[in-house]
Amino acid sequence: MDTIMEISKAIRQLKTDKQVYGFLQEILTRAELIDLSKRWRILKMLNEGYTQREIAKNLNVSLCKITRGSQIINDKNAVSTKYLKERITK
């Protein structure tokens, strides 16, 4: 079984946000958690309409990292994009 799929299934079986939070803290290093958090913030800011340059300045990241996020946000079939769009309408 693909390892990422196995991790996805493990997360899906957890019952609470606190359990998911604990799971992520256990399997990821502090640096990986920071990177994951920053990537999510990039997606959220792009979705909110911030420019790539504004995001680079606010989060102190390269435009390359933001470009990847921009490609995801522009993909209407991307899971992240669908989640963020639904989140705004709620």
Side-chain angles (χ1 to χ4, degrees):
M1 179 188 304
D2 179 80
T3 306
I4 300 301
M5 185 59 75
E6 189 175 338
I7 293 168
S8 298
K9 287 181 179 184
I11 291 172
R12 195 179 75 220
Q13 290 177 11
L14 298 171
K15 304 270 189 258
T16 66
D17 291 342
K18 188 175 179 179
Q19 287 177 329
V20 174
Y21 183 85
F23 179 81
L24 292 174
Q25 286 201 312
E26 291 168 1
I27 66 168
L28 299 173
T29 66
R30 178 163 168 68
E32 290 166 335
L33 288 166
I34 290 169
D35 191 47
L36 179 63
S37 175
K38 201 170 272 194
R39 285 179 186 272
W40 186 243
R41 289 177 65 196
I42 289 169
L43 289 173
K44 286 174 43 180
M45 290 177 79
L46 285 166
N47 189 61
E48 292 167 3
Y50 287 86
T51 67
Q52 290 191 24
R53 294 202 184 280
E54 289 172 325
I55 296 168
K57 183 178 178 182
N58 285 325
L59 300 182
N60 195 29
V61 294
S62 71
L63 289 173
C64 291
K65 281 194 182 213
I66 301 166
T67 298
R68 179 172 181 221
S70 183
Q71 291 170 344
I72 293 168
I73 290 297
N74 290 328
D75 179 356
K76 296 190 183 347
N77 294 316
V79 175
S80 302
T81 302
K82 288 178 183 179
Y83 174 82
L84 289 168
K85 298 295 182 198
E86 288 174 11
R87 190 170 166 239
I88 287 178
T89 59
K90 289 183 179 181

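For the single chain, residues carry numbers from 1 onward in sequence order.
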**Request:** May I ask whether Leu36 and Ile27 are part of the same hydrophobic cluster, defined by side-chain heavy atoms of I, L, V, M, F, W, Y residues being less than 4.5 angstrom apart, directly or through others?
**Result:** yes
**hydrophobic_cluster_shared for Ile42 and Trp40, side chain cutoff 4.5 Å** = yes
**Greater than 12 external heavy atoms within 6.0 Å of Asn74's CG** = yes
Distance check, rounded to the nearest 0.5 Å: [X] atom [atom1] versus [Y] atom [atom2]?
| X | Y | atom1 | atom2 | answer |
| --- | --- | --- | --- | --- |
| Ile4 | Lys9 | CD1 | NZ | 13.5 Å |
| Ile34 | Leu28 | CD1 | CG | 11.5 Å |
| Met45 | Thr51 | CE | OG1 | 8.5 Å |
| Lys44 | Arg41 | NZ | CZ | 8.0 Å |
| Leu46 | Ile73 | CG | CD1 | 6.0 Å |
| Leu43 | Ile55 | CG | CD1 | 9.0 Å |

With a 4.5 Å heavy-atom cut-off, do [X] and [Y] have their side chains touching?
| X | Y | result |
| --- | --- | --- |
| Lys82 | Val79 | no |
| Asp35 | Lys65 | yes |
| Lys76 | Thr81 | no |
| Arg68 | Arg39 | yes |

**Summary of ring-ring contact (aromatic ring centres under 6.0 Å, His included) pairs that have at least one residue in residues 47-80, sequence neighbours excluded** = none
**Request:** Start with the C-alpha distance between Leu24 and Val20, add both sets of side-chain angles, then the distance that settles side-chain contact (heavy atoms from CB on, under 4.5 Å), and finish with yes or no.
**Result:** CA-CA 6 Å; Leu24 292 174; Val20 174; 4.1 Å; yes
Donor-acceptor under 3.5 Å ([X] side chain, [Y] main chain):
| X | Y | result |
| --- | --- | --- |
| Ser80 | Ile72 | no |
| Ser37 | Leu33 | no |
| Gln19 | Thr16 | yes |
| Glu32 | Thr29 | yes |
| Gln13 | Ala10 | no |

**Message:** So which atom in Gln52 and which in Thr67 form the shortest heavy-atom distance, rounded to 0.1 Å?
**Reply:** OE1-OG1, 3.4 Å
